[in-house]
Amino acid sequence: MIRTKLSINKIPVPWIFEHYCKLQERLHGQEVSLLSMFNSKDSKPSMTIYFSAMNNKYMFKDFSSGKGGDAVNLVATLHNIPYREAITKIIDDYGNRGIKEYEEV
């Protein structure tokens, strides 16, 4: 059986944020505030996931730590790995369970 290789461009960006931030809701253009994933002392939400009209994609900004960027930056920063390695991790995670997770809802 020939399998098509999964590309980062085929993975829904909302899934990346939903999965790695363990969001309880689907992203549909809304802004979501949550406790910082980078500052364990955060007592009130200081991290925001938002849709950037300028970039035409979801981004994050953590005001507590100053970190921010796109979905791949989030994974790279969370796991302290290089950007390219984060892409591979996302592809592997999505291929292993994300496709099914995303189609179920």
Side-chain angles (χ1 to χ4, degrees):
M1 175 165 97
I2 299 173
R3 242 180 143 176
T4 305
K5 188 171 178 172
L6 192 56
S7 159
I8 190 69
N9 297 329
K10 300 287 184 189
I11 298 172
V13 172
W15 177 85
I16 299 169
F17 282 106
E18 292 164 10
H19 179 76
Y20 292 100
C21 295
K22 297 176 178 39
L23 298 181
Q24 298 300 309
E25 61 185 298
R26 287 287 177 115
L27 293 173
H28 296 285
Q30 80 278 31
E31 185 173 295
V32 176
S33 294
L34 58 151
L35 293 175
S36 172
M37 299 185 75
F38 308 102
N39 178 3
S40 60
K41 295 178 183 175
D42 201 13
S43 60
K44 55 185 172 182
S46 66
M47 183 170 157
T48 302
I49 299 169
Y50 63 95
F51 187 80
S52 169
M54 184 171 72
N55 296 315
N56 198 35
K57 64 181 175 178
Y58 275 99
M59 306 284 286
F60 81 98
K61 178 65 180 170
D62 184 346
F63 295 94
S64 172
S65 67
K67 299 176 188 321
D70 65 11
V72 178
N73 288 120
L74 173 79
V75 175
T77 306
L78 275 175
H79 295 281
N80 197 28
I81 55 178
Y83 194 88
R84 297 195 93 168
E85 209 172 302
I87 290 172
T88 301
K89 177 166 185 44
I90 293 165
I91 290 169
D92 289 347
D93 289 348
Y94 188 74
N96 288 334
R97 64 183 172 265
I99 294 170
K100 187 167 178 64
E101 280 178 9
Y102 215 67
E103 290 176 349
E104 284 178 353
V105 177

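When all heavy atoms of Ile8 and Ile91 are compared, the closest pair comes out as N-CD1, 3.7 Å. Ile16 approaches Ala71 most closely through the heavy-atom pair CG2-CB, 3.6 Å. Of all the heavy atoms in Ser43 and Leu35, the pair that sits closest is C-CD2, 3.8 Å. Considering every non-hydrogen atom in both Gly68 and Asn73, the closest pair reads O-CB, 4.3 Å.
Counting only heavy atoms from C-beta outward, the side chains of Met37 and Cys21 approach each other to under 4.5 Å.
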Check: side chain to side chain contact (heavy atoms under 4.5 Å, CB included) between Tyr20 and His79: does it pass, once the steps are laid out?
Finding: CA-CA 10 Å; Tyr20 292 100; His79 295 281; 4.1 Å; yes
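To the nearest 0.5 Å, atoms CG (Leu74) and CZ (Phe17) are separated by 5.5 Å. The line from CG of Leu27 to CD1 of Ile49 is 6.0 Å long, rounded to the nearest 0.5 Å. Atom CG in Leu34 sits 12.0 Å away from atom NZ in Lys22 (nearest 0.5 Å). Considering CD of Glu31 and OG1 of Thr48, their distance stands at 5.0 Å, rounded to 0.5 Å. Rounded to the nearest 0.5 Å, atoms CG (Asp62) and CZ (Phe38) are 6.0 Å apart. In this structure, the separation between CG on Asp93 and CH2 on Trp15 is 5.5 Å, given to the nearest 0.5 Å.
Placement of Phe51 and Phe63 in two distinct hydrophobic clusters is found when ILVMFWY residues are connected by side-chain heavy-atom separations under 4.5 Å, directly or transitively. Cluster annotation: Tyr83 and Ile11 are assigned to the same hydrophobic cluster (Ile/Leu/Val/Met/Phe/Trp/Tyr, side-chain heavy-atom contacts under 4.5 Å, transitive). Residue Tyr50 is not grouped with residue Met47 when hydrophobic side chains (ILVMFWY) are merged at heavy-atom distances under 4.5 angstrom, including chains of intermediate members. Leu23 and Phe60 fall within the same hydrophobic cluster, where Ile, Leu, Val, Met, Phe, Trp and Tyr residues are linked whenever their side-chain heavy atoms come under 4.5 Å apart, directly or through other members. Cluster membership check: Met59 does not share its hydrophobic cluster with Val13, using side-chain heavy-atom separations under 4.5 Å among Ile, Leu, Val, Met, Phe, Trp and Tyr.
For Tyr58 (side chain) and Gly29 (main-chain N/O), a donor-acceptor pair under 3.5 Å exists by modelled atom type. Within the 3.5 Å criterion, the main-chain N or O of Gly66 finds a donor-acceptor partner in the side chain of Lys61. The backbone N or O of Lys89 lies less than 3.5 Å from no partner atom in the side chain of Asp92, so there is not a single donor-acceptor pair.
With 3.5 Å as the limit, one finds a donor-acceptor pair spanning the side chains of Ser52 and Asn55.
Within a 6.0 Å sphere centred on CD of Gln30, heavy atoms belonging to other residues, nucleotides or ligands number more than 12.
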